[in-house]
There are 2 protein chains.
Amino acid sequence: MRLIDGKWKGVILFHLLDGTARFNAIRRRIPGVTPRMLTNQLRELEQDGLILRQVYAEVPPRVEYSLTERGRSLAPVLEALRSWGDANLTLFGAAPPPAVAAA
Amino acid sequence: MRLIDGKWKGVILFHLLDGTARFNAIRRRIPGVTPRMLTNQLRELEQDGLILRQVYAEVPPRVEYSLTERGRSLAPVLEALRSWGDANLTLFGAAPPPAVAAA
DNA sequence: CGGTATCCAACAAGATACTG
DNA sequence: CAGTATCTTGTTGGATACCG
């Protein structure tokens with residue numbers, strides 16, 4: 001529980017299931033996250049061995065985040081969480097998620 | 001995530017998968033939890049519709065907690081979490097759990 | 001037995017501004 | 001682009017003692 005705890009780690013990991021993503025790309029995918037929180041959470045996930053941080057010495061800078069093997073092994077957990085959430089979040093006044101991204 | 005967040009909710013729910021349990025029974029099953037925290041968490045779980053609290057007007061008092069239908073529907077999530085945890089917690093210096101309760 | 005009450009420390013998280 | 005720095009707040013969780 002500790003590893004995916006907090007307000008953001010779950011969604012960060014979930015988005016990374018789709019593949020590698022850069023800092024601001026993740027940020028855009030997660031409404032409301034501040035750069036400080038995103039940095040914090042990414043660093044903790046990295047320390048826990050769930051994600052990999054690849055820095056490219058370029059201008060402009062490029063930093064890519066991806067799941068490690070261990071991170072990918074969390075997929076069943078993340079999928080179970082999401083499917084439960086999809087099936088249950090109408091109860092909390094939230095709008096259901098798009099089944100597939102709207103065209 | 002919000003529903004199973006926090007330090008105790010996960011384990012409380014997990015223990016209730018085994019069936020109905022009384023307050024002090026749960027408390028004994030979860031080392032380190034204070035009565036205040038246990039009450040808090042149980043009340044939140046109840047408000048979120050995941051557990052049922054049954055009070056029997058007896059002396060001495062008896063209060064039984066059990067999962068609601070919705071709470072039971074979390075079983076796949078809890079099982080996924082536990083199996084991931086069992087497979088991975090040696091990395092964090094913790095002792096592996098007993099495969100089956102020791103005789 | 002199954003809790004409450006009170007107080008307090010620690011941390012998570014947010015707002016805002018700035019930088020190599 | 002990918003962060004840092006600083007400050008502030010709200011919430012979580014813990015210690016301890018007591019109650020019907």
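Letters A, B, ... are given to chains in the order of the sequence lines, protein chains preceding strands, and every chain is numbered from 1. Quick caveat, the model's predicted, so the values are computed rather than measured.
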Measure from the side chain of B/P35, starting at C-beta and using heavy atoms only, and say which of C/dG3, D/dT4, C/dG14 lies closest. C/dG3

Mind calculating the distance between CG (A/L38) and P (D/dA2) to the nearest angstrom? 10 Å

Under 4.0 Å from OP1 or OP2 of C/dC1: is there any side-chain N or O of B/Y65 that close? no

Do you reckon A/Y56 sits in the same ILVMFWY cluster as A/F23, going by side-chain contacts under 4.5 Å, direct or chained? no

Within less than 4.0 Å of OP1 or OP2 of D/dC1, is there a side-chain N or O belonging to A/R22? no

Measure CZ/B/F23 against C1'/C/dG2 and give the value in whole Å, please. 6 Å

My understanding is that only one of B/R27, B/R28, B/Q41 makes a side-chain contact (heavy atoms from CB on, under 4.5 Å) with B/V33; could you say which? B/R27

Write down the distance between CH2 (A/W8) and C1' (C/dA12), rounded to a whole number of angstrom. 12 Å

Rounded to whole Å, the OH-P distance (A/Y56 to D/dA2) equals 12 Å

Just verifying a value: how many Å separate B/L78 CG and A/M1 CE, rounded to the nearest 0.5 Å? 9.0 Å

Tell me: CZ of A/R27 to P of D/dG3, nearest whole Å? 11 Å

Heavy atoms only, 4.0 Å cut-off, all strands: where does A/G6 land among base, sugar-phosphate and nothing? sugar-phosphate

Would you indicate, yes or no, if C/dG3 has its OP1 or OP2 atom less than 4.0 angstrom from a side-chain nitrogen or oxygen of B/R53? yes

Nearest whole angstrom, please: distance from the C1' of D/dG13 to the CZ of A/R2. 16 Å

Between A/E64 and A/D5, which has a closest nucleotide on DNA chain D that is more 5'? A/E64

Options D/dA2, D/dG3, D/dA15, nucleotide nearest the side-chain atoms of A/R43: D/dG3

Map A/R36 and A/P61 onto DNA chain C by nearest heavy atom, then report which one ends up closer to the 5' terminus. A/R36

Evaluation steps, side chain to side chain contact (heavy atoms under 4.5 Å, CB included), between B/H15 and B/I26: CA-CA 8 Å; B/H15 285 305; B/I26 299 173; 5.7 Å; no

Looking at C/dA13, C/dC1, C/dG3, which one has an atom nearest to any side-chain atom of A/K7? C/dA13

Any side-chain heavy-atom pair from A/L74 and A/L3 closer than 4.5 angstrom? no

Once you round it to whole Å, what is the distance between P of D/dT11 and CE of B/M1? 18 Å

note: A/N40, atom CG; C/dA12, atom C1'; distance rounded to Å ~ 9 Å

